[in-house]
Amino acid sequence: TAVRARNCLPAHLPEPRHAGRTCIIAVGKAAAEMAAVATSHFVGDVHGLVVTRRQHGVERSRLPAEIEVIEAGHPVPDDQSETGALKAIELARQL
C-alpha cells in the first residue's frame, strides 16, 4: 500500500492555487490513478490528458470530463500510443 498513488503522490505535488487552470499530463500504467489523486488535490479548473495501458484506467467519475483518457498498447506501442503522444505534445505546446 505504500506505493499507491494516494499514499505517496500528495507529498510531491505543489501547493494548490485558487486562480487559473491546472494542466495534468500523465503517462504510464499508473497514470490514471495518479491523475485522479492529483485532480482531487488541486482547486479550480483542471484539464489534461492521461495515456495509460489498456485496462489500467480508473472509474471515469474519478476524473473531470476535461481530462481525456487514452488507453494504449504496452509494452509494444500501437496507434493509440502515437495518438496519445501527439496529443500530449500539442497540449504541452498550448501551455
* Asked: Should Leu49 and Leu9 be counted in the same cluster of Ile, Leu, Val, Met, Phe, Trp and Tyr side chains packed under 4.5 Å apart?
  ->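 As far as the 4.5 Å side-chain criterion goes, Leu9 and Leu49 are not connected within one cluster.
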* Report whether Met34 and Leu13 are members of the same hydrophobic cluster (ILVMFWY, side-chain heavy atoms less than 4.5 Å apart, transitive linking). =>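 Hydrophobic grouping puts Met34 with Leu13.
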Locate the shortest heavy-atom distance separating [X] from [Y]; write the atom from each residue and the value.
X     : Y     : answer
Ala35 : Ala26 : CB-CB, 4.3 Å
Thr39 : Arg62 : OG1-O, 3.8 Å
Ala36 : Val58 : CB-CG2, 4.5 Å
Leu63 : Ala32 : CD2-O, 4.3 Å
Ala38 : Ile24 : CB-CD1, 3.7 Å
Thr52 : Gly28 : OG1-O, 2.8 Å

Any donor and acceptor pair, going by atom type alone, linking the side chain of [X] with main-chain N or O of [Y] inside 3.5 Å?
X     : Y     : value
Glu71 : Gln55 : yes
Asp78 : Ala72 : no
His41 : Pro14 : yes

Tell me, yes or no, whether the heavy-atom count around [X] atom [atom1], taken from other residues, nucleotides or ligands under 6.0 Å, exceeds 12.
X     : atom1 : value
Glu82 : CD    : no
Gln94 : CD    : yes
Glu15 : CD    : no

Pairwise distance [atom1]([X]) to [atom2]([Y]) - rounded to 0.5 angstrom:
X     : Y     : atom1 : atom2 : result
Leu95 : Ile25 : CG    : CD1   : 6.0 Å
Ser40 : Arg6  : OG    : CZ    : 11.0 Å
Leu86 : Glu90 : CG    : CD    : 9.5 Å
Glu33 : His56 : CD    : NE2   : 11.5 Å

* Show your reasoning for whether side chain to side chain contact (heavy atoms under 4.5 Å, CB included) applies to Leu91 and Cys23. => CA-CA 9 Å; Leu91 187 55; Cys23 179; 3.8 Å; yes
* To do: Output, in order, the C-alpha distance, side-chain angles, deciding distance and verdict of side chain to side chain contact (heavy atoms under 4.5 Å, CB included) for Val46 and Ile67.
  => CA-CA 8 Å; Val46 178; Ile67 293 192; 4.0 Å; yes
* Asked: Does the pair Glu66 and Asp45 meet the rule for a side chain to side chain contact (heavy atoms under 4.5 Å, CB included), with working shown?
  -> CA-CA 9 Å; Glu66 295 79 17; Asp45 294 332; over 6 Å; no
